[in-house]
2 protein chains.
Amino acid sequence: MIDLLSNIKIQVNPKLYVKDPETSALGKKIIQNSILLIDEIGFEEFTFKKLGEKISSNESSIYRYFENKHKLLVYLSSWYWAWIEYRLVFSTTNIENKLEKLKKAITIVTENIEDDYSTAHVNEAVLNKIIIEEFTKTLHNKHVDKENKEGFFLIYKQVNYRIEKMIEEVNPEYPFAKSLVSSIIEGSLHQHFLKNHLKTITNCNSEINPTSFYLHLVENLLKK
Amino acid sequence: MIDLLSNIKIQVNPKLYVKDPETSALGKKIIQNSILLIDEIGFEEFTFKKLGEKISSNESSIYRYFENKHKLLVYLSSWYWAWIEYRLVFSTTNIENKLEKLKKAITIVTENIEDDYSTAHVNEAVLNKIIIEEFTKTLHNKHVDKENKEGFFLIYKQVNYRIEKMIEEVNPEYPFAKSLVSSIIEGSLHQHFLKNHLKTITNCNSEINPTSFYLHLVENLLKK
DNA sequence: ATAATATTGATAGTAATACTATTACTTTTG
DNA sequence: CAAAAGTAATAGTATTACTATCAATATTAT
């Protein structure tokens, strides 16, 4: 995967940034270190001033790349889902068996992520951690409808859509394909979160992972 | 239900408030109007100053009831889950059939809420709306572990636990009872959210509700 | 090589937030 | 009716989330 991905630029909605961070060294530093800093102190405590200090740059310089920290988080999330989509498409093409294909897809969206070193300035493992902790905040605010109209969540919805189609291939009679997919994708993040913080209301732990739970669920649910 | 509930005081963790809002007229006004104001402008825009203006009272007076707006939100959430738990216990006792009992429980935690007028200062329908939009924020922050230790989420976890036991009664062999429950409870809020904001990735709408989706799921999943 | 242009850094400034502290006024209660 | 408790008003602080300006430094174009 390393060689392949290193030639592919993950595309996100240009409305998310003022200046494309992929086009400069400072921009990449912003991406790389915002991931680390959000992981470290949490999104609420994260400020452009602190990020500026971390990268020995200036608050005002960061504002030249992102309007505010919310858009930066949506940018990081979009990047994450685009990366997931790429891996999803890549690893499910050429799987003949419909159920196996679906199972592979579910594995991709629910498994624990390790840094794959394919992109120098993005640590995918840490990005996955902040997605688990913070992704919900990109949606849960008073601007969702406006931002949805502007296409901020297109990639996320597209990942949902791709798996929905796979479910329909496995069992066209199943009546809740969309809800099943969205509940798996979001629910998997939630199970990872519970595993880390509220252990008593999940079966997931170091041995059992959300992937097992959802694979078992889907196989039993779509059986004809 | 009206007469019954009006005699029952919903108990929440006293660490959540400085002074119990149930003990004064101003306290009740704070609860009632914080629900309305959070629904109106969203939790991020919500401040004690604005709430003070709304109830013709002073910012500093509100600080005498709640340390900060986060604790107020956790208070409202606890109240909500305690109310759900009450309804859960009340409406499932004396149901002999294990599956019917479980289905009733799932209905309680997933259905759309209408104001039941049992508590004068809490509009349950609006509270349900803010739980759908904002509950995730009570968990997703850097204080979860500390607050979990302090027991802030006990009632929520207890609701999970009660339904987990019901699943075990229906099918003791099912290996992911905890994860199934937590994914239903949280997932149902998410489906309601999607129905309101990202309609393309859910089957739920004015006709199909999250309850149907989850009842169908559980029945098929726990079949022996 | 140098002039033009773009990028970045430093500083200052503003309005709002999230509080704390003090004091005075008003209600409740013993 | 006096003491205590509760509430309102005001002021003040540190931080946040920006915007604006200008100087310094790179980059690129000729």
Side-chain angles (χ1 to χ4, degrees), chain A residues 14-34 37-38 40-76 121 134 137-138 140-143 146-147, chain B residues 14-34 37-38 40-76 121 134 137-138 140-143 146-147:
Chain A
K15 286 180 194 161
L16 290 172
Y17 48 75
V18 182
K19 177 184 155 79
D20 187 349
E22 298 278 345
T23 60
S24 77
L26 178 63
K28 284 175 186 160
K29 241 172 138 186
I30 288 171
I31 298 307
Q32 178 176 30
N33 290 279
S34 63
L37 189 55
I38 291 171
E40 225 175 276
I41 63 178
F43 188 64
E44 276 70 35
E45 293 297 307
F46 173 88
T47 67
F48 281 0
K49 193 170 185 193
K50 289 176 188 168
L51 178 60
E53 279 158 27
K54 194 182 174 81
I55 63 178
S56 317
S57 175
N58 199 273
E59 200 188 359
S60 58
S61 303
I62 299 165
Y63 275 105
R64 265 184 228 106
Y65 285 85
F66 293 99
E67 258 177 62
N68 52 52
K69 69 175 182 173
H70 174 252
K71 287 214 171 151
L72 169 58
L73 183 62
V74 180
Y75 176 94
L76 295 176
H121 63 294
E134 322 286 4
K137 293 164 195 171
T138 63
H140 286 258
N141 61 71
K142 280 283 162 183
H143 314 292
K146 193 177 142 275
E147 297 189 346
Chain B
K15 286 179 194 161
L16 290 172
Y17 47 75
V18 182
K19 177 185 156 79
D20 187 348
E22 297 278 346
T23 61
S24 76
L26 179 63
K28 284 174 186 162
K29 242 172 137 184
I30 289 171
I31 298 306
Q32 177 177 29
N33 289 280
S34 64
L37 190 54
I38 291 170
E40 225 175 277
I41 64 178
F43 188 64
E44 276 69 35
E45 292 297 307
F46 173 88
T47 68
F48 282 181
K49 195 172 183 190
K50 288 176 188 168
L51 179 59
E53 277 158 29
K54 193 183 174 80
I55 62 177
S56 316
S57 176
N58 200 273
E59 199 188 359
S60 59
S61 303
I62 300 166
Y63 276 105
R64 259 184 241 108
Y65 285 86
F66 293 99
E67 258 177 64
N68 51 53
K69 69 175 183 173
H70 175 252
K71 287 214 171 151
L72 169 59
L73 184 63
V74 180
Y75 176 94
L76 295 176
H121 62 294
E134 322 286 4
K137 294 165 195 171
T138 64
H140 287 259
N141 61 71
K142 280 283 162 184
H143 314 292
K146 192 176 143 273
E147 298 189 345

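Side-chain proximity of A/K50 to the nucleotides C/dT8, D/dA8, D/dT16 is greatest for D/dT16. For B/Y63, counting side-chain heavy atoms from C-beta on, the closest listed nucleotide (D/dA17, C/dT8, C/dC19) is C/dC19. Taking the side chain of B/K19 as heavy atoms from C-beta on, and the options D/dG6, C/dA18, D/dT16, the nearest nucleotide is D/dG6. Closest approach to the B/N58 side chain among D/dT21, D/dT7, D/dT10 is made by D/dT10 (side chain taken as heavy atoms from C-beta onward). Here the side chain of B/S24 is nearest to one of C/dA18, D/dT7, D/dA8, namely D/dT7. Of the candidate nucleotides C/dT11, C/dT8, C/dA18, C/dT8 has the atom nearest to the side chain of A/L26.
Between B/S61 and D/dA8, a side-chain N or O to OP1/OP2 separation shorter than 4.0 Å is present. Listed pair B/S60 / D/dA8 fails the phosphate criterion, with no side-chain N or O lying under 4.0 Å from OP1 or OP2. Proximity of A/Y65 to the phosphate of C/dT8: a side-chain N or O atom is located under 4.0 Å from OP1 or OP2.
As a whole-Å value, the separation of A/E22 CD from C/dT7 P is 16 Å. Regarding A/I55, its CD1 atom lies at a distance of 12 Å from the C1' atom of C/dG9, rounded to whole Å. Here D/dT7 presents its P atom at 11 Å from NZ of B/K29, a figure rounded to the nearest Å. Regarding B/F48, its CZ atom lies at a distance of 16 Å from the C1' atom of D/dT7, rounded to whole Å. In this structure, A/R64 places its CZ atom 14 Å from C1' of D/dA26, rounding to the nearest Å. Per the geometry, CD belonging to B/E53 stands 13 Å off P belonging to D/dA8, to the nearest Å. Atom-to-atom, CG of B/N68 to P of D/dT15 comes out at 17 Å; the value is rounded to the nearest Å. The nearest whole Å value for the distance from the CD1 atom in B/I62 to the P atom in D/dA8 is 9 Å.
Judged by distance alone, the side chain of B/K50 and the main-chain N or O of B/I41 form no donor-acceptor pair under 3.5 Å. Panel note: side chain A/K54, backbone A/L37; no donor-acceptor pair is recorded below 3.5 Å. In this structure a side-chain-to-backbone donor-acceptor pair under 3.5 Å is missing from B/K19 to B/Y63.
Nucleic acid contact class of A/E67 (heavy atoms, under 4.0 Å, all strands): sugar-phosphate only. Counting non-hydrogen atoms under 4.0 angstrom, A/K49 reaches nothing in the nucleic acid.
B/F46 and B/F43 have parallel rings, their planes meeting at less than 30° on a 0 to 90° scale where 60° marks the start of perpendicular.
Across all non-hydrogen atoms, the minimal contact from B/F48 to B/K69 is CZ-N, 3.6 Å.
Annotation: of the two residues near DNA chain D, B/A25 and A/H70, the 5′-most nearest-nucleotide partner is B/A25.
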